[in-house]
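Chain letters run A, B, ... following the sequence lines, proteins first and then strands; every chain starts at 1.
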Amino acid sequence: MKSDELFALLRRRGVLWPTAEIYGGAQGLYDYGPLGAALKRQIEEAWTAWFVGLSHDYYRLDPAEILPEAVVRASGHLENFTDPEVSCENCHTAFRAETVLEKVRPEGVDGLSPAQIAEVVHANHLRCPSCGSTALSVPRPFNLMFGLDFGVTGKERAYLRPETAQSSYLAFPRMWDVGRHALPLGIAVIGKAYRNEIAPRQVLFRMRSFTQAELQIFFDPDHFVVPFDRVAAEALPVLRVPRREKGEETPEWVRAGDLVATGNLPEFYVYHLVHTYRFYREVLGYPADRIRLFEKSDQERAFYNRIQFDFEVRLDSLGGYKELGAVHYRGDYDLSRHGEGSGKDLSVTLTDGRSVRPHVLELTFGIDRNLWALADTHLGTEGERTVWRLPACLAPVPVGIFPLIPKAHSAYALRLADELAATGLAVRYDDAGTIGKRYARMDEAGTPFCVTVDAETLADGPSRDTVTLRERDTKAQTRVAVRDLPARLADALRLPRPPRA
RNA sequence: GCGGGCAUAGUGUAGUCUGGUUAUCACAUAGGCUUGCCAAGCCUAUAACCCGGGUUCAAAUCCCGGUGCCCGCACCA
C-alpha cells in the first residue's frame with residue numbers, strides 16, 4: 001500500500017491522526033487513537049519482555065524528559081546543534097557557518113550573532129564550498145533541540161531530551177549502587193524524545209515528538225562473556241560496507257560464527273545482533289526477505305560509534321528499506337563525556353579490584369517507526385478483505401465477541417465479554433450488522449480471535465456452553481468450551497521471551 | 001529550507017480549465033427489516049468545498065497570503 005492510502009486507513013480506524021487536526025495539523029506531530037495507543041503499548045511490552053529479559057541485571061527506568069543544559073553540553077548535543085546554518089542560494093546546499101568560515105576564523109563561530117557572521121562572510125567574499133557561488137544566505141540558527149525556559153526566572157536553560165539514551169547514562173552511577181555492583185548492567189528506557197526536525201516527513205518516520213526504546217548495556221571492555229555458542233549457527237541477512245561499495249542493495253546470509261571468525265566483529269556484538277534479529281523475526285514477525293542489517297561506514301557513523309548496524313525493513317509504503325532500530329557500540333564515549341562534564345568519576349571498581357570505565361552497547365528501537373512498519377508489512381487487502389495479520393501477542397484488541405443473532409444471544413455474549421475482560425483481556429463486543437461484517441471489522445483491526453455465541457451455546461446437550469472460536473489468519477472455526485477459553489487465549493497471546501544469558 | 005505538484009463528507013471521488021438553481025457517485029458509519037457463521041439485499045439517517053483576504057451581482061471554481069500533504073534536492077548530531 002502507498003503511504004497515503006495506509007495513513008488514510010489508519011486514520012479511519014482510529015490508529016493515529018495528525019495532532020491538532022482541526023487547526024490544520026502540526027508538522028511532525030501525531031496522536032495515537034485507541035487502536036494505536038493499545039498497539040503501541042503492546043509493542044513496548046513486547047520489547048521490554050524480550051530485551052530486559054536478556055539478563056537478570058537489566059532494568060527498565062522511567063527518567064525525566066527535560067535535561068539541564070549541562071547535560072546536553074557534555075553529551076555534545078549543544079555544541080553540535082547551536083551552530084548557525086548558512087545555505088547557498090545558488091546550489092541550495094546547507095552548511096554549518098563554522099565550515100564556511102573556517103579559513104578566516106579558525107577559532108570557530110561561538111559567540112558571534114548571525115548578523116556578525118553575515119558580516120564576516122561578506123567582508124571576506126566567502127564562497128560556497130560546494131559550487132563557488134558568493135550567493136550565501138544570512139545565517140539562521142539551527143538547533144534540533146527544543147530549548148526551554150526553565151525555572152521561575154527563565155534564565156536557566158533546559159532542553160527536551162533529543163534521545164532517551166542520555167537519561168540512561170546519567171542514571172548509571174545510581175543504578176550501579178541499586179544493582180549488584182556487577183557488569184554487564186543494562187538500563188532500558190522507553191520514552192519520548194524530541195527533535196525540532198527541519199523537514200518532518202513520511203508520517204511516523206520523522207516526527208518532532210517520538211518514542212524510543214533503548215537498552216544501554218554497560219560492560220567491562222576486557223570481559224563481556226556471552227553464550228555465543230548458542231547463536232553461532234544462526235544466519236543473519238547482513239549488508240556490509242565492502243558489499244555496499246560494490247553497489248549491492250540486498251543482504252547476504254552470513255552465519256553469526258562467521259561474522260566473528262572472518263568478519264572481524266566481536267562475539268558480544270554479534271550475539272546481540274542475533275537476539276535483536278530474532279526479535280524482529282519471531283516477535284514482530286517481519287518477513288525474513290524484507291529485513292537487512294545495514295552496516296554503517298566510518299563516514300556515516302557518528303564518530304563515537306565504533307560499530308553500527310542499522311536494522312532495516314523494506315516498506316512498500318515508503319518505497320524502500322527504512323531504519324527501524326540499530327545496534328551501536330559506543331565505547332566509553334558517554335561515560336567519559338559525562339564524567340568530564342559533571343566532574344564525577346564514572347568508573348567503577350569490580351570485585352577483582354580493577355577500576356574500569358564501562359563501555360556501552362546501545363540497542364535502539366523506534367517504537368513509532370515499528371508501529372508503522374507493522375502496518376505496512378502486515379496490513380493488506382486480499383480481494384474484498386482487508387486483514388491486519390499482526391502477531392497475536394501484539395494485537396491491540398485480541399478478542400472480539402459476538403452474538404450470532406443479536407436479540408437471542410446478546411445476554412450470554414455480553415456476560416462472556418465481561419468475564420474475559422475481567423481476566424485482563426482487551427475484548428470487543430459487537431452486535432452491529434451481519435456476522436460477516438463483524439469478522440471483517442475485526443480483521444481490519446488486527447484481532448486474531450473472534451468468539452461467537454450461537455444457538456448451540458444456549459441449548460441443552462453436548463454443545464451447551466461451547467462457542468465458535470474463529471481465527472483471523474485461516475478463517476477457521478473450532479468449537480470450544482467456554483471454560484477453556486481463558487487458558488487457550490492466554491496461551492496464544494503470550495509474549496515471547498529470549499533465553500536468558 | 002529550496003523547487004514542483006496537490007487540498008471537496010470518515011474514505012475514495014465528480015464538478016474547477018470556461019464563476020451561475022438544492023455540490024455528484026460509491027464505500028464506510030448509525031437506525032430499521034431480514035432466525036442469519038464471513039463486508040448480501042431493501043428502506044432511512046448522519047456527513048464535505050483546508051484557513052484568511054481580494055475580484056465579482058454571484059466563488060468549490062479566478063487572484064493573493066497562510067497552513068498541511070506528496071515528489072525531488074538539502075538536512076537527519
Enquirer: Checking contacts here: which listed nucleotide (B:A77, B:G1, B:C37) is nearest the side-chain heavy atoms of A:R201?
Expert: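 So the nucleotide nearest the side chain must be B:G1.
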Enquirer: Which one is paired to B:U24, where only Watson-Crick or G-U wobble pairs with both distances under 3.5 angstrom count?
Expert: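 Per the H-bond distance test, none.
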Enquirer: Taking RNA chain B as the partner, which of residues 463-483 of chain A come within under 4.0 angstrom of it by heavy atom?
Expert: A:T468, A:R470, A:K475, A:Q477
Enquirer: Quick check with a 6.0 Å cut-off and a 45 degree axis cone: is A:R470 positioned over the face of A:Y439's six-membered ring?
Expert: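 So A:R470 does make the cation-pi contact.
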Enquirer: Check every atom of B:G10, B:A77, B:C33 against the side chain of A:K407 and return the nucleotide holding the closest atom.
Expert: B:C33
Enquirer: What is the base-pairing partner of B:G1, counting Watson-Crick and G-U wobble geometry with both distances under 3.5 Å?
Expert: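 Result: B:C73.
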Enquirer: Taking the minimum atom-to-atom distance to the side chain of A:I435, which one of B:C37, B:G10, B:A77 wins?
Expert: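 The closest nucleotide is B:C37.
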Enquirer: What about A:F311 and A:Y286, are their ring centers closer than 6.0 Å?
Expert: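 No - the distance between ring centres of A:F311 and A:Y286 does not fall below the 6.0 Å cut-off.
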Enquirer: In the structure shown, which nucleotide is the Watson-Crick or G-U wobble counterpart of B:C6, with both distances under 3.5 Å?
Expert: B:G68
Enquirer: Across all strands shown, which nucleotide pairs with B:C62 by Watson-Crick or G-U wobble geometry, both distances under 3.5 Å?
Expert: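 Matched B:C62 with B:G54 under the 3.5 Å cut-off.
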Enquirer: Using Watson-Crick or G-U wobble geometry with both distances below 3.5 Å, tell me the partner of B:U34, or none.
Expert: none
Enquirer: Just call it for A:P162: base, sugar-phosphate, or nothing, with non-hydrogen atoms closer than 4.0 Å on any strand.
Expert: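 Result for A:P162 = base.
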Enquirer: Considering Watson-Crick and G-U wobble pairs with both distances under 3.5 Å, what does B:U29 pair with?
Expert: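 The answer is B:A45, by the H-bond criterion.
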Enquirer: Start with the C-alpha distance between A:R13 and A:E444, add both sets of side-chain angles, then the distance that settles salt bridge (charged side-chain N to carboxylate O under 4.0 Å, His left out), and finish with yes or no.
Expert: CA-CA 8 Å; A:R13 289 305 312 233; A:E444 209 173 66; 3.1 Å; yes
